[in-house]
Colleague: 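Structure incoming, see below.
Below, read A as the first sequence line, B as the second, and so on, with proteins coming before strands; counting in each chain starts at 1. Treat the numbers as computed from the prediction; the structure is a model and nothing was measured.
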Protein chains: 2
Amino acid sequence: MSVNPNIAEVVSLMGESSRAAILTSLMDGRFHTAGELAHMAAIKPQTASFHLAKLVEGGCVIVEKHGRFRYYQLANQEIANFLETLLSVAPPPKVNSLMQSSQLKAIRNARTCYDHLAGSLGVGLTESMVEAGYLEKEEKEFKVTSKGEQFFADLGIDIAAVRKKRRSFSRACLDWSERHHHLAGALGEELATRLFELEWIIRLPKTRAVKITEKGRLGFREYFHFTI
Amino acid sequence: MSVNPNIAEVVSLMGESSRAAILTSLMDGRFHTAGELAHMAAIKPQTASFHLAKLVEGGCVIVEKHGRFRYYQLANQEIANFLETLLSVAPPPKVNSLMQSSQLKAIRNARTCYDHLAGSLGVGLTESMVEAGYLEKEEKEFKVTSKGEQFFADLGIDIAAVRKKRRSFSRACLDWSERHHHLAGALGEELATRLFELEWIIRLPKTRAVKITEKGRLGFREYFHFTI
DNA sequence: TCTATATTTCGATGATAGTTGAAATATTTA
DNA sequence: TAAATATTTCAACTATCATCGAAATATAGA
């Protein structure tokens, strides 16, 4: 038997349904309390506690204590990237109720993929930017054109500052619901942050689905030539 | 509870140690019989049979029958890419014997990563090509320079033909043993194939470690300016 | 100080999943 | 045709692991 990295070890932590549900819930990039995560994963608080301990021990999740509350978040960008990969290769969700159907529709429409935008919105904006010549699509990444530098500056994003960040600049992230790429990386994050600041999109409680505001609808149409 | 792709489903298939061992063994890109895989994974044939059935059922592995033999292989490029990712995030192998230490050394030195080269050799060749100006490193991919086009043509590789393939052209694959990138994608595959043809490297039985021939040593030094 | 709330810990239970001996099946060889 | 080899199937066993009721611990609020 030959020596190999032990892929089972890293993978088995995520291959259990309650832990998978917790991790997926944390893909909105926010902190959540143990009770919230238990509710989101539809398990009892003590079960959530048990699993969260494993996730923290295994390095997937970090915890901060604030009084009686324990706030949990994904440990780092690497874990999030890995979960993205898992989400893109996993079978699509099964829908068993009208409520789930509605939830799925919202998630497919617009959601956070850790720190950047995904769904129809994420892919739509990305493709609009490519079509307008602000971004150039490569195989696994996007390039910002000079025209695009101006575009982002006008939007209030300093590209030079984004480039200085010690992480991937602009990855192509495969969107699990659209099966096309949306913009990820430092630039994807900055764009999402800016759009939240502009209140073109707002976060919703208990879900990583994102709501597009009326102001946003107008802004996307006018600025991105993307009609929702 | 919100609807999500079920990452546990895709992941639990690989998060079991016997199946993980089988999948890792199949990362040399070759067909292997059930008996060989059982031996490589250090399990009984009936256990291997049980797990292989699950892997085939789950779409990770394909099987071809030739008489009394059953030849198993990874189902496709996507599965291999996914396993690469797992290998790069998994903890390094533990070594408990002199034999394992020796095997690990061989694997770290030069091995196949499905269809392209990895280890010191894979990373070394890749970095030599970048340094010589034949390849340009981007974040997640490599670009072939015009100088590089000539280089590959001289080596007997038709870049235009490689580009026509319906897959990633030249990915940057994170090497689990070197923690740097080696060349993957269609170009990485073509390069490995050519090097095997030239007999600069040869395959070994029962392991994805690759042996560098004396001819190869000379060729790498002269042609790639890479000294082994 | 007592009550309420958030979370963790503990112990028991039941289900699941992996392993293997034995046997059966499939194919090849002499 | 019988023997050998490769693989699969079956059944039983054992270990592991997730879940949850109950209780304990930690913190906040009245």
Colleague: Closer to the 5' end of DNA chain D via nearest nucleotide, is it Ser18(A) or Gly67(A)?
Modeller: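 Looking at DNA chain D, the more 5' nearest nucleotide goes with Ser18(A).
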Colleague: To the nearest Å, give me how far apart CG (Leu55(B)) and P (dT8(D)) are.
Modeller: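 Roughly 12 Å, once rounded to whole Å.
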Colleague: Rounded to the Å, how far apart are Gln46(A) CD and dG21(D) P?
Modeller: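 Between P of dG21(D) and CD of Gln46(A): 7 Å.
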Colleague: How close or far is atom P of dA17(C) from atom NE2 of His51(B), stated in whole angstroms?
Modeller: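 The distance from NE2 of His51(B) to P of dA17(C) comes to 12 Å, rounded to the nearest Å.
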Colleague: Check whether any side-chain N or O of Thr47(A) sits under 4.0 Å from OP1 or OP2 of dA18(D), and answer yes or no.
Modeller: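 No, outside the criterion.
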Colleague: If you check the Phe69(A) side chain, which of dT7(C), dG18(C), dT20(C) turns out closest?
Modeller: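 Among the listed nucleotides, the one closest to the side chain of Phe69(A) is dT7(C).
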Colleague: Could you tell me how far apart Glu9(B) (CD) and dA17(C) (P) are, to the nearest whole angstrom?
Modeller: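 The distance from CD of Glu9(B) to P of dA17(C) comes to 12 Å, rounded to the nearest Å.
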Colleague: Categorize Ser17(A) for me: base, sugar-phosphate, or nothing, with a 4.0 angstrom heavy-atom threshold over every strand shown.
Modeller: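 Touches nothing.
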Colleague: Considering heavy-atom distances to DNA chain D, does Glu16(A) or Arg70(B) have its closest nucleotide positioned more toward the 5' end?
Modeller: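 It is Arg70(B) whose nearest nucleotide is closer to the 5' end.
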Colleague: Taking atom P of dC13(D) as reference, at what distance in whole Å does atom NZ of Lys44(B) sit?
Modeller: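 My rounded result for the distance is 18 Å.
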Colleague: Any Lys/Arg nitrogen of Arg111(A) or Asp175(A) sitting under 4.0 Å from an Asp/Glu carboxylate oxygen of the other?
Modeller: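 The answer is yes: the pair qualifies as a salt bridge.
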Colleague: Taking only side-chain nitrogens and oxygens of Arg68(B), does any of them come within less than 4.0 Å of OP1 or OP2 of dA4(D)?
Modeller: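 No, Arg68(B) has no side-chain N/O under 4.0 Å of OP1/OP2 on dA4(D).
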Colleague: By nearest heavy atom, map Ile43(B) and Val63(A) onto DNA chain C; which one lands nearer the 5' end?
Modeller: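 Its nearest nucleotide being more 5', the pick is Val63(A).
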Colleague: Distance alone, cut at 3.5 Å: any donor-acceptor contact between the side chains of Ser168(B) and Glu139(A)?
Modeller: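 Judged by distance alone, the side chains do pair up.
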Colleague: Within this structure, what is the NE2-to-C1' distance between His32(A) and dA6(C), rounded to whole angstrom?
Modeller: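 Atom-to-atom, His32(A) to dA6(C), this comes out as 17 Å.
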Colleague: Give the rounded distance in Å between these two atoms: OH of Tyr72(A) and P of dA6(C).
Modeller: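 Rounded to the whole Å, the gap is 14 Å.
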Colleague: Roughly how far apart are Ser17(A) OG and Glu9(B) CD, rounded to 0.5 Å?
Modeller: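 If we round to the nearest 0.5 Å, Ser17(A):OG and Glu9(B):CD are 10.5 Å apart.
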Colleague: Take atom NZ in Lys211(A); do more than 12 heavy atoms of anything else shown fall under 6.0 Å from it?
Modeller: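 Counting other residues, nucleotides and ligands, NZ of Lys211(A) stays at 12 neighbours or fewer.
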Colleague: So what does Tyr71(A) hit on the nucleic acid, given a heavy-atom distance under 4.0 Å: a base, only sugar-phosphate, or nothing?
Modeller: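 Nothing: the residue Tyr71(A), judged by heavy atoms under 4.0 Å, touches no strand.
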Colleague: Give Lys54(B) one of three labels, base, sugar-phosphate or nothing, depending on what nucleic acid heavy atoms sit under 4.0 Å from its own.
Modeller: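 Answer is sugar-phosphate: Lys54(B) comes under 4.0 Å of backbone atoms only.
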Colleague: Answer yes or no: does a side-chain N or O of Ser49(B) lie under 4.0 Å from OP1 or OP2 of dT9(D)?
Modeller: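 For dT9(D), OP1/OP2 do not have a side-chain N/O of Ser49(B) under 4.0 Å.
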Colleague: Expressed in angstrom and rounded to an integer, what is the separation of Leu37(A) atom CG from dA6(C) atom C1'?
Modeller: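 For the pair Leu37(A) CG and dA6(C) C1', the rounded distance is 13 Å.
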Colleague: Can you establish whether the number of heavy atoms outside Glu57(B) located under 6.0 Å from its atom CD is more than 12?
Modeller: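 At most 12 heavy atoms, drawn from other residues, nucleotides or ligands, come within 6.0 Å of this atom.
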